[in-house]
Novice: 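I'd like to ask some things about the structure below.
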Amino acid sequence: MTNIIDALIFAILTGAGVIGVSSLLMVLLHSDPENTEAQQQARVEYGFFGAAGLVVMLLMWYALS
């Protein structure tokens, strides 16, 4: 039974890590030259989700150890 819990934690770790890293990449790559205010808002949102994803990933990594 502990292997199932470890597998679920690893799945959450992997998913959160992928979402976190891809969101942080979108902070750098996202551009909207027509509306700079919307671009800044999107970058802040991507940054928040990226940081939150990495925090969840690190929390699950701690839970596995």
Side-chain angles (χ1 to χ4, degrees):
M1 187 66 174
T2 59
N3 290 339
I4 292 173
I5 294 171
D6 288 345
L8 290 173
I9 290 174
F10 181 76
I12 294 169
L13 180 146
T14 306
V18 167
I19 289 172
V21 171
S22 64
S23 293
L24 288 178
L25 283 175
M26 285 299 293
V27 168
L28 301 173
L29 300 177
H30 179 72
S31 66
D32 187 7
E34 296 174 1
N35 192 352
T36 57
E37 185 177 332
Q39 178 181 353
Q40 286 301 103
Q41 181 180 0
R43 284 186 174 173
V44 168
E45 290 174 358
Y46 285 135
F48 173 77
F49 286 124
L54 292 180
V55 166
V56 170
M57 181 189 76
L58 291 173
L59 183 65
M60 292 299 114
W61 190 1
Y62 180 72
L64 278 179
S65 61

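One is the number of the first residue; the rest follow in order along the sequence.
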Novice: In the hydrophobic cluster built from side-chain contacts under 4.5 Å, what are the other members alongside Leu29?
Specialist: none
Novice: Could you note down all residue pairs passing ring pair (Phe, Tyr, Trp, His ring centres under 6.0 Å) where residues 17-52 supplies at least one of them, sequence neighbours left out?
Specialist: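 Counting only pairs at least two positions apart or across chains, the ring pair (Phe, Tyr, Trp, His ring centres under 6.0 Å) contacts touching residues 17-52 are His30-Tyr46.
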Novice: In the single-linkage hydrophobic clustering (I, L, V, M, F, W, Y; side-chain heavy atoms under 4.5 Å), do Leu25 and Val44 co-cluster?
Specialist: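 No, no single cluster joins them.
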Novice: Pairs under 3.5 angstrom only: tabulate donor-acceptor contacts from the side chains of residues 55-65 to other protein residues two or more places apart or in another chain.
Specialist:
{"residue": "Ser65", "atom": "OG", "partner": "Tyr62", "partner atom": "O", "Å": "2.9"}

Novice: For residues 15-22, which side-chain N or O atoms pair as donor and acceptor with protein atoms under 3.5 Å away, sequence neighbours left out?
Specialist:
{"residue": "Ser22", "atom": "OG", "partner": "Val18", "partner atom": "O", "Å": "2.9"}
{"residue": "Ser22", "atom": "OG", "partner": "Ile19", "partner atom": "O", "Å": "3.1"}

